[in-house]
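Each remark here refers to the structure printed beneath this line.
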Amino acid sequence: METGDVIIIGSGPAAYTCAIYLKGRSVLLIEGGYVGNNGPGGQLTTTTTVDNYPCFPDGISGPDLVDLMVEHAAVATVSETASALTWRDNDDARVFEVVTEKGVHRARCVVIATGSAAKRLYVPGTHDNEFWNRGVSSCAVCDGWAFRDKVCCVIGGGDSAMEETTYIASIARAVYLVHRSEAFRARADMFARVQRLKNVTILTCRELVRATGTDKLEAIVLASTAGEEEIVIAVDGLFFGIGHVPNTSFLTEIDLSEGHVVTNAKMETSVRGVFACGDVQDKKYRQANTAAATGCIAALTAIDYCANH
Ligand code: NDP
């Protein structure tokens with residue numbers, strides 16, 4: 001197989017922005033399969049309205065935004081998932097090999113833009129996936145249709161939990177938003193919107209200790225982090241909105257920090273010729289905008305690299 005200029009691994013805003021800036025070069029984008037609840041296109045595909053991406057003052061749905069990016073990037077793409085990244089040095093040229101379930105792709109440099117996947121809580125009733133997809137989920141947009149007029153619970157205090165709650169509250173009869181403290185880190189306007197929803201009850205200082213049921217989820221047990229008694233709530237659905245873990249398990253020889261790829265301001269990693277952008281290297285901001293911005297930087301650094309190696 002021919003050695004291209006750049007392989008981009010991933011398919012969210014970081015990956016597509018990177019591809020846009022690499023137009024005219026020999027680029028292959030490996031879009032990835034399902035990790036957690038995200039397939040190709042990444043987390044935006046499970047988001048409802050994105051209201052803070054420039055040029056869309058009225059908001060745009062996450063999947064529509066991804067479609068526009070795919071169309072704009074118009075990059076050669078394979079529907080495969082990377083399982084390993086290796087390299088060998090021939091004289092002064094380094095060649096990277098990305099292994100997927102269908103074979104090996106080679107390039108002079110690699111951009112990692114694999115994003116992150118929704119975290120789950122592992123307690124009795126969820127740790128062996130007992131009720132996974134039988135009441136327990138981490139994606140209201142994907143699975144919410146099954147909960148019309150039912151009772152659901154969302155766990156978390158950040159933007160993901162607010163999004164999950166807002167969405168599922170438009171379908172379910174009643175929703176409990178459960179958070180382990182009284183301090184919500186969600187965007188103020190997103191939290192305020194949830195507070196205004198009449199069918200949402202907010203329970204603070206509560207932690208999930210158990211999920212119970214027979215064939216499907218029927219109830220959850222919540223402990224108190226403020227010294228109160230345990231409570232049991234009958235629910236049909238339980239959604240985790242407790243953050244994300246970076247998709248880096250296939251990377252064995254690149255420096256990571258708490259699972260995130262370590263990069264400098266040029267999006268260079270610890271391995272010469274490997275760059276990373278988007279949520280896979282971002283512990284703090286994790287926005288579609290910041291992913292796109294770092295995708296641009298990674299592409300410009302890759303262009304410099306190709307010119308000099
Ligand atoms: P965050 O890390 O921001 O929030 C995670 C939440 O889950 C926190 O409230 C945290 O509690 C809670 N949590 C974490 N672990 C546990 C646990 N083991 N048990 C109980 N609760 C737990 O993650 P998000 O996914 O919400 O957001 C990530 C990033 O993505 C942010 O930058 C956010 O702005 C962005 N985002 C933006 C959206 C938008 O603009 N539309 C939508 C979704 C995400 P605690 O606060 O106590 O630590």
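FYI, the numbering just counts along the sequence from 1. The model shown is predicted, which means the values in this text are computed figures rather than measured ones. Start at 1 and go down the list; that is how both ligands and their atoms are numbered. Only heavy atoms go into these numbers, but all of them, side chains included; no hydrogens, no water, no symmetry mates.
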* Val280 with Phe250, same ILVMFWY side-chain cluster at under 4.5 Å -> yes
Apart from Met190 itself, its cluster of hydrophobic side chains linked below 4.5 Å comprises Phe147, Val154, Met162, Ile168, Val175, Leu177, Phe184, Phe191, Val194, Leu197, Val200, Ile202, Phe239
Is there a donor-acceptor contact under 3.5 Å linking the side chains of Ser83 and Glu101? no
TODO: Find out whether Ile8 and Leu22 are in side-chain contact, i.e. whether some heavy atom of one side chain is under 4.5 Å from a heavy atom of the other.
DONE: yes
Is the closest side-chain donor-acceptor distance between Glu218 and Thr214 under 3.5 Å? yes
Quiz item: Do the side chains of Val136 and Leu238 get nearer than 4.5 Å, heavy atoms only?
Solution: yes
May I have a table of the N/O to N/O pairs between ligand 1 and the protein that fall below 3.5 Å, each row giving the two atom names and the distance to 0.1 Å?
from: ligand 1; atom 1: 9 (O); to: Gly157; atom 2: N; distance (Å): 2.9
from: ligand 1; atom 1: 9 (O); to: Gly158; atom 2: N; distance (Å): 3.4
from: ligand 1; atom 1: 11 (O); to: Arg180; atom 2: NE; distance (Å): 3.3
from: ligand 1; atom 1: 11 (O); to: Arg180; atom 2: NH2; distance (Å): 3.4
from: ligand 1; atom 1: 25 (O); to: Ser160; atom 2: OG; distance (Å): 2.5
from: ligand 1; atom 1: 25 (O); to: His244; atom 2: ND1; distance (Å): 3.1
from: ligand 1; atom 1: 26 (O); to: Asp159; atom 2: N; distance (Å): 3.2
from: ligand 1; atom 1: 26 (O); to: Ser160; atom 2: N; distance (Å): 2.9
from: ligand 1; atom 1: 26 (O); to: Ser160; atom 2: OG; distance (Å): 3.2
from: ligand 1; atom 1: 32 (O); to: Tyr285; atom 2: O; distance (Å): 3.0
from: ligand 1; atom 1: 32 (O); to: Gln287; atom 2: NE2; distance (Å): 3.3
from: ligand 1; atom 1: 34 (O); to: Asp159; atom 2: OD2; distance (Å): 2.5
from: ligand 1; atom 1: 34 (O); to: Gln287; atom 2: NE2; distance (Å): 3.0
from: ligand 1; atom 1: 40 (O); to: Asn52; atom 2: ND2; distance (Å): 3.4
from: ligand 1; atom 1: 41 (N); to: Glu163; atom 2: OE2; distance (Å): 3.3
from: ligand 1; atom 1: 46 (O); to: Arg185; atom 2: NE; distance (Å): 3.1
from: ligand 1; atom 1: 46 (O); to: Arg185; atom 2: NH2; distance (Å): 3.4
from: ligand 1; atom 1: 47 (O); to: Arg180; atom 2: NE; distance (Å): 2.9
from: ligand 1; atom 1: 48 (O); to: Arg180; atom 2: NH2; distance (Å): 3.0
from: ligand 1; atom 1: 48 (O); to: Arg185; atom 2: NH2; distance (Å): 2.5

